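Report on the following structure.
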Amino acid sequence: MDANYLQDLNEQQRAAVVYNDGPSLVIAGAGSGKTRVLTYKIAHLLASGEYAPYQILALTFTNKAAREMKERIAGIVGGATASRLFMGTFHSIFARILRSHADRLGFPSDFTIYDQTDSRSLIKTIVKEMNLDDKVYKPSIVQAIISHAKNALVTPGAYAANRDIAEADAQARRPLLRDIYKFYWERCFRAGAMDFDDLLLYTNILFRDHADVLDFYQNQFRYILVDEYQDTNFAQHLIINQLAKSHHRLCVVGDDAQSIYSFRGANIDNILNLRKEYPECRVFKLEQNYRSTQTIVAAANSLIAKNEERIPKDIFSHKAVGEKIEVLSSYSDFEEGYLVASRITTLRMASASAYSDFAILYRTNSQSRIFEEALRKRNIPYRIYGGQSFYLRKEVKDVIAYFRMAVNPADEEALKRIINYPARGIGNTTLAKITECATTHETSLWEVVCRPLEYALDVNGGTLNKLKNFADLIRSFVEKAATENAYDLADAVVRQSGIMGDIYTDRSPENLSRQENIEELLNGIQEFCSSRREEGIEAISITDFLAEVSLATDQDSEEGEDDDRVTMMTVHASKGLEFKHVFVVGLEEELFPSALAMGSARELEEERRLLYVAITRAEETCTLSYAASRYRNGKPTASPPSRFIKDIDPAYLILPDDRALGYRQTPHEFSTPYTRRTDWGESRNDRESYRPQTNSPTSGTAVFRPAKRMVRIAPAAESAAPAAPSSDGLAVGMHIRHDRFGVGEIREISGEGDNRKINVDFENVGSKLLLLKFAKFVVLE
DNA sequence: GGCCGGGGCATTTTT
DNA sequence: TGCCCCGGCC
């Protein structure tokens, strides 16, 4: 290893890296080189010769963070050493540990991991079985309550015994929550399944009840590092404390100012109070920001200074002073989209930036739509992050459910997914009987399916036969899972289950995309097998694949990272990323801060931190934006500018002349070249202004919505040329591709404004009348 | 058991 | 406005 690696660090970073005599807390401001400190510290520990790689436990929150860190460490100490580190997400590391001691807890070592969909669906089933009103006991709410209980290590027994909880539930008119929790707990156990929260909760139970196991890991993990400590919940905090108890060799890294996941149980007190738990704890502050201009750093500092609960620090930048933060004011969300799109166009030209240097950050996913439309109209390529991950798509989950059954047939959620998919005549009625029967006999659904007669299942002979066929099918997969490799099993599942037959019957666009997804899944498994083979592992069972997949919400395998697109994502999703130019949009009361957070000071502070995170993503320019009116739940709603705008020192802002902002100063103090735009004239030097002014913000122009893969749009002339037969650029004879109906030819155009329609003859589905205002399609060349 | 249409409902979401 | 879920119908 290069002995000079410490030279790459600044003084504060170096101090944090070389100190390892006891517990330390590294407060790492935004853009201060946190990952660098963690990776160098691990390299330093290895270089000291005092620690073998497997004695170092390094925990992160995302797979991506773990992978990146592993790669960087491999670059310093070599891949062979790096791969032997215990480095990964909390969930993956402790799932691994749980699997090797599952018998202690009465679980099979091949236990299934329920994702949120599975666990919600089970809760829903239970609520229904209890004949409760699912408006009162809304599965999503029940799930959140159970999740919070688990994160606080409150088991069903403790939950039922707790008076405060009972009172709170009674108050909320949900007195039976305790029973739901108890049933949910038992059902998961019977299904041999753990949800995400269980992975942490059962780890705690394992350590609490099996001193030898705890002892073993306390001895093994001689140094523990935790990234993003501000996001830990109580369950995670306690695991760390237990493991570090005897040696106190612990280094936690985080930034209290970037704690934005309290709604998932993260507890900012874990980092704020660390010094109380470890009085000898050394604190290192990384305060130099290497990412952003001085203006951006100063503006962000002035904002976060409004929070009460924080660890004081003085973040500074030695980069250029940079541009002030511009605040854009629009009348409507529609205009906001237009403005941001036009700023991107001009800024890209002026600063010679690529599209990929830009990000639009918003508070809620639903805000993305309007920007999609605005960017598409300007032919600006973009990518939206945060759609559902590949493994959560229905058809993919269906196939995976077969894999899960093959590994653990007790898996109730998997069984419910596939017992009638593809259709084999086992409907809801039968399923309800099976479930009821399993509940009364306190066994799994699979048991009942296998032995319906012994459990006196009340169904007719035809159904019995269908159940037998299903059970035989699954049993054949179970056998294969034990002997064949992952890919061969997967291939057999797709062919023999009837999924193939179901999806490949017709070529409707929906089915085509399903076929693609399933093929992608199979390819993924093949790749998984061959990459394991490269590592020298010969037998790759489906169990290995599932273990990987169930904890991979893969946000990162997004293909083609290098293509040049504007990024759109929620502020939450942007944490840890950086962009040259950032637009933070929708800065309005009840949206950012969210209406639901305004009740409590604590939650309001979290929203403020959220904006802090958003602003500090920017390297060179940051632009804030709000609209006076916005469509919310289908209705236009007035929306005053966010209070947070006034929390930022106006010295760093270019403010629009808008009384709604509530500044007392005389307008001229804030007058700028960019005063409020009362027309569309801002974009003097871009193509847009040469267009005839037919596009008033509210007129119903065609909304082009290509499929995800077709984001690159036809040349501008297509839709913008004044010579086009109509203002929306559509003409009879043109070919279009519709989201759902596929490819077709325009036969007729009629109506005006909102009522404008086209009649299209589609290749696969015949002729359809589409209202332009709503139709989602692209014009083909 | 599958399809259609009306009504109710809409945060953020590393694993 | 758009999605999801349920109930009614075939």
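Keep in mind that what you see is a predicted model, and the values were worked out from it rather than measured. Chain naming here is simple, since letters A, B, ... match the order of the sequence lines and numbering starts at 1 in each.
- Atom CD in A/Gln116 sits about 11 Å away from atom C1' in B/dT14, given to the nearest Å.
- Atom CG of A/Leu59 is separated from atom P of B/dT14 by 19 Å (rounded to the nearest Å).
- Side-chain contact check for A/Tyr114 versus A/Asp411: some heavy-atom pair is nearer than 4.5 Å.
- Counting distance only, with no hydrogens placed and no angle test, the side-chain atoms of A/Arg363 and the base atoms of B/dT11 include no donor-acceptor pair under 3.5 Å.
- Surrounding CG of A/Asn460 are more than 12 heavy atoms belonging to other residues, nucleotides or ligands, all under 6.0 Å away.
- Checking the phosphate oxygens (OP1, OP2) of B/dT13, a side-chain nitrogen or oxygen of A/Asn365 falls inside 4.0 Å.
- Residue A/Phe263 and nucleotide B/dT11 are not classified as a stacked aromatic pair, given the requirement of ring centres less than 5.5 Å apart at an interplanar angle below 30°.
- The side chain of A/Asn633 places no N or O atom within less than 4.0 Å of a non-bridging phosphate oxygen (OP1 or OP2) of C/dG2.
- Regarding contacts with the backbone of C/dG2, every side-chain N or O of A/Ser366 stays at 4.0 angstrom or more from both OP1 and OP2.
- Put simply, CG on A/Leu361 is 16 Å from C1' on B/dT13, counting in whole angstrom units.
- Atom-to-atom, CZ of A/Arg264 to P of B/dT12 comes out at 13 Å; the value is rounded to the nearest Å.
- One N or O on the side chain of A/Ser639 and one on the backbone of A/Ala628 form a donor-acceptor pair closer than 3.5 Å.
- Across all strands shown, A/Ile426 has heavy atoms under 4.0 Å from sugar-phosphate atoms exclusively, and none from any base.
- Rounded to a whole Å, the CD1 atom of A/Ile141 is 11 Å from the P atom of B/dC9.
- Taking atom CD of residue A/Glu606 and atom P of nucleotide B/dT14, one finds them 15 Å apart after rounding to whole Å.
- When heavy atoms are screened at a 4.0 angstrom cut-off, A/Asn420 is found touching the sugar-phosphate backbone but no base atom.
- The distance between the ring centers of A/Phe94 and A/Tyr202 does not fall below 6.0 angstrom.
- Contact annotation for A/Tyr261: base contact, defined as any heavy-atom pair under 4.0 Å involving a base atom.
- Of the candidate nucleotides B/dT14, C/dC5, C/dG2, C/dC5 has the atom lying nearest to any side-chain atom of A/Lys124.
- Distance A/Lys135 NZ to C/dC4 C1': 12 Å, rounded to the nearest Å.
- One finds a side-chain N or O of A/Lys138 lying less than 4.0 angstrom from the OP1 or OP2 phosphate oxygen of B/dA10.
- Comparing C/dC6, B/dT11, B/dT14 by their nearest atom to the side chain of A/Ser594 picks out B/dT11.
- A/Tyr261 has its ring centre less than 6.0 Å from the ring centre of A/His572.
- For A/Phe263, the CZ atom sits in a packed shell: over 12 heavy atoms of surrounding residues, nucleotides or ligands are nearer than 6.0 Å.
- Of the candidates C/dC6, B/dT12, C/dG2, the closest approach to any side-chain atom of A/Asp134 belongs to C/dC6.
- Residue A/Ala423 is classed as a sugar-phosphate contact, given heavy-atom separations below 4.0 Å to backbone atoms only.
- Atom CD in A/Gln367 sits roughly 15 Å away from atom C1' in C/dT1 (whole-Å rounding).
- In this structure B/dT11 sits in the syn conformation; its chi angle is within 90° of 0.
- When the nearest nucleotides of DNA chain B are assigned to A/Asp231 and A/Gly425 by heavy-atom distance, the more 5′-ward of the two goes with A/Gly425.
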